[in-house]
Structures are given as C-alpha cells and as structure tokens.
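Nothing here was measured: the structure is a model prediction, and the numbers come from that model.
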Amino acid sequence: MPRKPVLLVIAHGSRDPRHAATVHALVRRVRAMRPDVRVETGFLDFNVPSVQGVLESLAAQGVRDVVALPLLLTRAFHAKADIPAVLRAAPPRLRIRQAEVLGPSPLLLSALERRLYEAGLTPADKSSTGVVLASAGSTDPEAIAVIAEIAREWRHTGWCAVRPAFASAALPRTEDAVRELRALGCSRVAVAPYVLAPGFLPDRIARGAVEADVLGDVLGASPEVARVLLERYDEARVPLLAVVGA
C-alpha cells in the first residue's frame, strides 16, 4: 500500500506571536487525530519555517507526495495566487496537490456557535440574539460573497438575525453591523470572529465589538477546524494516490 502523502499546512504568518502559537496548536491536534499522517507546517511570511524551506527539506528526505493545504477560510488572493506560486517553485521531484480552503463547512458553523456558547450564550438565547459574522475581509468578490452566503445560512439555524462584517477591504465594519442589529430589535448582539488565529485584524474585530454583549473567541485549534482540515486532506489525496497506483 502506498505511503500517505505528507500534509503540509500552509499558514499566512504574522508578526503577532499568538498567530504561530495557534497554528502550531491546531497542527498538534490534527496529528493527535491522525497519527498515521505526517503533518508539517510552513508559513508564507513573517514566521519560520517557510513553505519553500519545508518543501526543500521534504524533497531532500525522499518524500514524493505532498498535499498542500491552505489554512484559509475563503478562496481569496493567497489561495489563488500566492500559494500556487510558491508550490510551482518547489523541487521538481515532489508531486504536490493543493487542497481546497477550509470554508465553507457546516463544521465551521458548529465551531463558531460553540465559541459563542463558551463566551456566555446558551442555545435558549438564539432566537433573541443577533450575530455579527466578522471576517478579516478581502478585495476578492468571491470571498465576500461566500461570507454573505454563510451569514444567510447561519440565520436559518434559529438566530434572531445574522449580519456579515469585515475588518478590512470591505464593508460593513463590525461596529456598524452591531448597531444595525441593535436597531433591528435583537435583545442581545454577539460577535463571532470568522478567523482562525489572533492577530492585527482579529484585534480590530474585537475593538469593533465593544458595544456588543458577547464576543466569541477566534476559531483557533478547535476540534471542528481540525476535522475540516483532515477532510480537505482526504479529498485532495485521493487523486494523488490514483497517480501513484497508475
């Protein structure tokens, strides 16, 4: 039976040390869930090891097959341009397949909801609570449309209302969405950061949530995120295994 491809988790990187710490915590959870899979981490910027450095190391060790998984929630610029460019520069002996980004996924909605419950809400609060789905933001219309669609879907699970908001590049901002939900008549307002790790933009979301009643934590190393990550890995590795067995 062919060896499973190495899973290379590709994170953006940040000057904020909390970002890398959260990524590493998530990767540790993934390893614990699937000890049969070798999992490595590479960063596009700010942190080490770099994606290129990890790929070169894997090639030097004799690895042939890699699933490169963008640690991203939407298919925006990094997934469409940055990461493919880095992968094209990889050592030629590597067979690399880029997995899909993590979102959207029902598991991520479950993680968002659990973060809100951890912050003080209960299931009984749903019908009277408006939620701001606060994402980092993007100049990519596809990514913005996905966030808006997630908000619409989440509303149908019983919340008073759900509004998307963005920390950069698009409107509305978190604070404006909070005020809109207040004006709509929701008894309480909660902000759910649709981001994976702490950093500059999540901090901006938190500042925008100052008038909200509840602020959830980032998705972080939650079990739901780890499960989505492994789902994307399994979806991507099947074609690679087919090539190996051909």
Closest non-hydrogen contact found for Gln98 with Leu87 is OE1-CD1, 3.7 Å
Provide the closest heavy-atom pair for Ala161 versus Leu181 in the form atom of the first, atom of the second, distance.
-> CB-CD2, 3.7 Å
Find out whether Pro5 and Val66 are in side-chain contact, i.e. whether some heavy atom of one side chain is under 4.5 Å from a heavy atom of the other.
-> no
Test: Arg179 and Asp176 ion pair at under 4.0 Å | yes
From CA spacing to verdict: side-chain contact (heavy atoms from CB on, under 4.5 Å), Val225, Leu107 = CA-CA 7 Å; Val225 175; Leu107 283 169; over 6 Å; no
Interatomic spacing from CD in Glu235 to CG in Leu230 - rounded to 0.5 Å = 11.0 Å
Same apolar cluster: Leu229 and Val27, side chain cutoff 4.5 Å | yes
Any chance you could measure Leu44, atom CG, to Ser50, atom OG, to the nearest 0.5 Å?
-> 9.5 Å
With the threshold set at 4.0 Å, does a side-chain nitrogen-carboxylate oxygen contact exist between Arg163 and Glu180?
-> yes
Arg31 CZ: over 12 foreign heavy atoms closer than 6.0 Å = yes
If you look at every heavy atom in Pro198 and Thr22, which pair is closest and at what distance?
-> CD-OG1, 3.2 Å
Is the closest side-chain heavy-atom distance between Asp125 and Tyr117 below 4.5 Å?
-> no
Output side-chain donor-acceptor pairs under 3.5 Å for residues 202-209, partner residues at least two apart or in another chain, one line each.
| from | atom 1 | to | atom 2 | distance (Å) |
| --- | --- | --- | --- | --- |
| Asp203 | OD1 | Arg18 | NH2 | 3.2 |
| Asp203 | OD2 | Arg18 | NH2 | 2.9 |
| Arg204 | NH1 | Ala167 | O | 2.7 |

With a 4.5 Å limit on heavy-atom distance, are the side chains of Phe166 and Leu171 in contact?
-> no
Scan for side chain to side chain donor-acceptor pair (under 3.5 Å) pairs involving residues 131-145, sequence neighbours excluded, and state none if there are none.
-> Lys80-Asp140, Lys80-Glu142
Could you walk me through whether Trp154 and Leu133 pass side-chain contact (heavy atoms from CB on, under 4.5 Å), step by step?
-> CA-CA 9 Å; Trp154 204 15; Leu133 180 68; 4.0 Å; yes
With no hydrogens and no angle check, is any side-chain donor or acceptor of Thr157 less than 3.5 Å from a backbone partner on Glu153?
-> no
What one should report as the nearest heavy-atom pair of Val63 and Leu94 is O-CD2, 3.2 Å
With the side chain counted from C-beta on, respond yes when Gln52 and Val86 share a heavy-atom pair under 4.5 Å apart, and no when they do not.
-> yes
Do NZ/NE/NH1/NH2 and the carboxylate oxygens of Arg182 and Asp213 come within less than 4.0 Å?
-> yes
How long is the span from the CZ atom in Arg188 to the SG atom in Cys160, to the nearest 0.5 Å?
-> 10.0 Å
Correct closest heavy-atom pair for Pro104 and Arg232 would be O-NH2, 3.3 Å
Residues Glu118 and Arg115 bridged, charged N to O under 4.0 Å = yes
Please walk me through it: do Val101 and Leu73 pass side-chain contact (heavy atoms from CB on, under 4.5 Å)?
-> CA-CA 6 Å; Val101 297; Leu73 294 172; over 6 Å; no
So do the side chains of Lys4 and Asp36 get within less than 4.5 Å of each other, counting heavy atoms only?
-> yes
Under the 3.5 angstrom rule, does the side chain of His19 hit a backbone N or O of Gly13 as a donor-acceptor pair?
-> yes
Euclidean distance, Ile150 CD1 relative to Leu108 CG, rounded to 0.5 Å = 7.5 Å
Heavy-atom side-chain proximity of Thr129 to Leu116 below 4.5 angstrom | no
Whether Ser168 side chain and Ala136 backbone form a donor-acceptor pair below 3.5 Å | yes
Under a 4.5 Å side-chain heavy-atom rule over Ile, Leu, Val, Met, Phe, Trp and Tyr, are Leu7 and Met33 clustered together?
-> yes
Going only through I, L, V, M, F, W and Y residues with side-chain contacts under 4.5 Å, is there a path from Val218 to Val178?
-> yes
Beyond-backbone contact of Leu8 with Val67, side-chain heavy atoms, under 4.5 angstrom = no
Is there a path of hydrophobic side-chain contacts, each under 4.5 Å between heavy atoms of I, L, V, M, F, W or Y residues, that connects Leu71 with Phe46?
-> no
Ignoring hydrogens and geometry, is there a side-chain-to-backbone donor-acceptor pair from Arg173 to Ala170 under 3.5 Å?
-> yes
Taking the six-membered ring for Trp, are Phe200 and His12 ring centroids under 6.0 Å apart?
-> no
Do NZ/NE/NH1/NH2 and the carboxylate oxygens of Asp65 and Arg93 come within less than 4.0 Å?
-> no
First locate atom CG of Leu219, then atom CG of Leu26, and finally report the distance between them rounded to the nearest 0.5 Å.
-> 10.0 Å
Report the distance from atom CD of Glu40 to atom CG of Leu55, rounding to the nearest 0.5 Å.
-> 10.5 Å
Trp159 vs Glu113 side-chain heavy atoms within contact, under 4.5 Å | yes
List the steps, then state whether side-chain contact (heavy atoms from CB on, under 4.5 Å) holds for Leu102 with Leu69.
-> CA-CA 9 Å; Leu102 301 183; Leu69 194 149; 3.8 Å; yes
Which atom names give the shortest non-hydrogen contact between Ala99 and Pro70, and what distance separates them?
-> O-CD, 3.3 Å
Decide whether Val189 and Val162 are clustered together by the hydrophobic rule: side chain heavy atoms of Ile, Leu, Val, Met, Phe, Trp, Tyr closer than 4.5 Å, transitively.
-> no
Checking Arg29 side chain against Ala221 main chain: does a donor-acceptor pair fall under 3.5 Å?
-> yes
